[in-house]
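These notes concern the structure reproduced below.
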Amino acid sequence: MNRESPITDVKGIGEKTAGLLGKLKIQTVGDILLHYPRTYVQFPSAKEPKDVMTGELAAVAGKIHKTPLVRRTRSMPITVTTIGTGEAELELVWFRMPYVKNQLKPGTTYIFYGKVQKKNGRRMMEQPVIYTPKQYGEMEHMFLPVYGLTGGVTNNLMMKSIRGILSDDNLFPDYLPTKIRDKYHLCEYNYAIKQIHFPDDMDTLILARRRLVFDEFFLFILSMQYQREQRIREENSFCFREDGFAEDLAGQLSFALTGAQQRTLRDILRDMRSPHVMQRLIQGDVGSGKTILAFLAMVDVAHNGYQSAIMAPTEVLARQHYETFTKLCEELDLKIPIVLLTGSMTARQKRMAYEAMQLYPNAMIIGTHTLIQEKASYDQLALVITDEQHRFGVRQREIFAQKGSHPHILVMSATPIPRTLAIILYGDFDISVVDEVPAKRLPIKNCVVDTNYRPKSYAFIEEEIKKGHQAYVICPLVEETENLDLENVTDYVKKLRDLFPEEIQLGVLHGQMKSEQKNKVMEAFLKNEVQVLVSTTVVEVGVNVPNATVMMIENAERFGLAQLHQLRGRVGRGDAQSYCIMMNSSDAKTAKQRLEILNRSNDGFFIAGEDLKLRGPGDFFGIRQSGDLAFSLGDIYQDAAVLKEASEAVRSLLAEDADLSQKEHICLKHHMDMLLMDERKQMNL
């Protein structure tokens, strides 16, 4: 068995389970090993029944006084027993597990691990895991991995499968040159993989994570820099007029551009008339007006007789760009062909789009990743724009650029990355920062509250809906997860259905839904057919819904500040006052301190800087904050120092061996080529 072996080669995984794992993009042995834990829990010290609290995930020591009772209902057998006495009594319940009756011996003490709840006035623990005191003693304080799951896949299945695979001592060759490992004090790769899943202690977890984070950054930067080393900076073969057309057009808009927008527009127009092809990153905070800059750049290209294309990360956003650009062209009396191309279009619609791309040499083309599919052919493509470009892989951007004859490249990002880190991540891109928000937009009003504020929050959301507005509610999980006491979308929407009046329509959105389902839900929210959207963080890069005025974030302490700021940016996009309610379910002072930064400021770049000061290594128990960048473990804020080391290592490596042809680098080059091949497969190219 090796990393390319099908997942069905793993003991205990048949075709049915393999199908379920496919929803998590796990198809091979390597895939499941790279499906890192999302967090860890530690087995706590065992308590007496009288000492546990309702809602607590606890280990309870108790003596079985009598043989458990098995009640057989029409649907299932239910096994029940109790531990403790009097007011401290705790009822233990197992569904569909009648064999527990024979497992528990009267007069014997066991440790029961599970969540304590109160139902019908009685304290109980449902489906507790049973241990002997000796078994539990061996596990106490161990790190238990908690994985991202899907329906039908349990955490225990993931742990058992991964343990079995890791019994092979050297599954992966270590592709990182020994010189780099020694210089940056990095552990061996197989050791890192084992420890990230089943760490011996906190020290080994930190060591393993640092190695794997270094690898993510190193390979990301290397793939960019290696490809750039293979080509010289291209000459600009396009001829643009110096007639001030785009600047004059900007003056005819129904609103005035901010100073930052004007400055960035000048950068773009100058680049497209320079001797070399433009490679520019526009960094703009949420709501800073990057889309109008993309429109003006594309109009300038069309005015000069060339095609331009903008690739959005979702179909809904692509359609919104199409509608926005069409409306702007009508308002400005521009006769420019606008073509939409997305994956869900019918074969006839796609054929018409392809024909239009060939027929109109000055078309403005808008779409999703379909724009880089083999059938998409352009005529005189002079500008390619990727919107929220970190959603796309390096190779995808390369292929998009190759669709034309060395077109200008413009990428747009709403992630407030400090400039020093942006230079590392975007290599030789020139950077423009749009650091002003349009004047008509009111600052978002923020509040950080504890869970006691929930009823008031719901009442406030209902009041906003009565005014004709809409709201987002964000949960960190899709569904209830073993050992994690966090809000989840699946249960939360059921709770809201009981609380809100029938006329308020609720929508559900999460990453495990199919693209068509997600598009349908977002379209309904955009049209105000859905008033409250209960979602995971998939909305952080979403459509513009000016009518949404409330963003309520559950378990806000579990998110990084940058991600919270991105989520908050989904509201405050219209003229009405907007609000962000951050629900803090932690008593920790540090959690409150971090959230207060967001409470005080709406400036993403300030927040990013404060994040760097507050976050340190070893924070494994929070949800990653720079989830919008393409790293499984690495966080550019928390791991800024590692990012800089990886950048330095790449620079030294390529200075020594630009084409990675030396013997000690062959394994690394092979690994990088494999990654690029995998990316091409994922894109179906």
Side-chain angles (χ1 to χ4, degrees), residues 284-291 312-321 324 387-388 390-391 412-416 437-438 440-448 457 460-461 464-465 468-476 487 489 492-493 506-511 513 518-519 521-556 559-583 595 598-599 601-604 607 623 625-628:
D285 210 345
V286 282
S288 60
K290 298 182 296 298
T291 303
T314 66
E315 289 205 7
V316 177
L317 191 54
R319 289 182 185 279
Q320 189 166 51
H321 283 337
T324 300
D387 185 8
E388 301 290 359
H390 40 260
R391 294 286 178 182
M412 303 195 299
S413 172
T415 307
V437 176
K440 69 174 184 177
R441 294 205 175 153
L442 298 169
I444 297 168
K445 290 187 176 179
N446 308 295
C447 64
V448 177
S457 299
F460 181 73
I461 288 172
E464 283 294 297
I465 291 169
H469 298 308
Q470 294 163 270
Y472 295 93
V473 177
I474 305 299
C475 300
E487 296 297 338
V489 166
Y492 205 99
V493 76
L506 306 178
V508 177
L509 189 71
H510 55 76
M513 294 165 65
K518 287 190 275 192
N519 289 336
V521 171
M522 282 309 303
E523 290 280 7
F525 191 60
L526 189 58
K527 295 173 182 174
N528 200 7
E529 294 168 359
V530 165
Q531 285 75 52
V532 180
L533 183 61
V534 183
S535 174
T536 57
T537 58
V538 294
V539 300
E540 69 181 288
V541 177
V543 294
N544 185 22
V545 186
N547 195 47
T549 57
V550 183
M551 168 63 68
M552 179 177 171
I553 306 171
E554 286 286 357
N555 302 113
F559 298 90
L561 298 188
Q563 192 169 35
L564 287 170
H565 180 64
Q566 289 283 90
L567 290 167
R568 175 171 64 182
R570 291 298 102 208
V571 296
R573 304 174 82 87
D575 297 337
Q577 180 63 60
S578 291
Y579 308 86
C580 180
I581 303 167
M582 289 168 273
M583 198 67 64
L595 292 173
L598 282 151
N599 202 12
S601 176
N602 287 316
D603 181 343
I607 290 163
I623 294 173
Q625 57 193 355
S626 55
D628 42 0

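Scope of the values below: all heavy atoms of this structure, side chains included, with no hydrogens, waters or symmetry mates. Starting from 1, each residue takes its place in the sequence as its number.
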Roughly how far apart are M583 CE and C447 SG, rounded to 0.5 Å? 8.0 Å

Between Q531 and H469 (side chain of the first, backbone of the second, donor and acceptor by atom type, cut-off under 3.5 Å), is there such a pair? no

Kindly say whether F525 contributes a backbone atom to a donor-acceptor pair with the side chain of Q470 at under 3.5 angstrom? yes

How about N547 and N528: do any of their side-chain heavy atoms sit closer than 4.5 Å? yes

Please report the C-alpha distance between T314 and M522 in whole Å, then the side-chain angles of each, then the deciding distance to 0.1 Å, and finally whether the side-chain contact (heavy atoms from CB on, under 4.5 Å) criterion is met. CA-CA 10 Å; T314 66; M522 282 309 303; over 6 Å; no

Quick one: pull up NZ in K290 and OG in S413 and give me the separation to the nearest 0.5 Å. 7.5 Å

Exercise: identify the closest heavy-atom pair between R570 and M551: CB-CE, 3.8 Å

Which pair of heavy atoms, one from S535 and one from V489, lies closest together, and at what distance? C-CG2, 3.6 Å

Tell me, with the steps shown, if L506 and L533 meet side-chain contact (heavy atoms from CB on, under 4.5 Å). CA-CA 6 Å; L506 306 178; L533 183 61; over 6 Å; no

Can you tell if the side chain of V534 reaches within under 4.5 Å of the side chain of L509, non-hydrogen atoms only? no

Under 3.5 Å, side chain of N446 to main-chain N/O of Y579, donor-acceptor pair present? no

Apply side-chain contact (heavy atoms from CB on, under 4.5 Å) to the pair E523 and E529, showing each step before the final yes or no. CA-CA 9 Å; E523 290 280 7; E529 294 168 359; over 6 Å; no

For residues I581 and I553, determine if any side-chain heavy atom of one lies less than 4.5 Å from a side-chain heavy atom of the other. no

Spell out, as yes or no, whether a donor-acceptor pair under 3.5 Å connects the side chain of Q577 to the backbone of P443. yes

Taking N555 for its side chain and E487 for its backbone only, find out whether a donor-acceptor pair lies under 3.5 Å. yes

Look at the side chain of S578 and the backbone N and O of G572, then say whether any donor-acceptor pair between them is shorter than 3.5 Å. yes

For Y492, which residues count as a side-chain hydrogen bond (donor to acceptor under 3.5 Å, both in side chains) partner, sequence neighbours excluded? Y458, E554

Can you name the nearest heavy-atom pair linking P313 to L317, along with the distance? CD-CD2, 3.8 Å

Of all heavy-atom pairs between M582 and N599, which one has the smallest distance, and what is that distance? CE-N, 4.3 Å

V316 side chain near Q320 side chain, heavy-atom distance below 4.5 Å: no

Check L442 against A576 and note the closest heavy-atom contact, atom names and distance. CD1-C, 4.2 Å

Testing V545, L567, V532 one by one against Y472 for a side chain to side chain contact (heavy atoms under 4.5 Å, CB included), which residue passes? V545

Closest non-hydrogen atom pair, V508 against V493: CG2-CG2, 3.6 Å

Donor-acceptor contact present, side-chain R568 to main-chain L598, <3.5 Å: yes

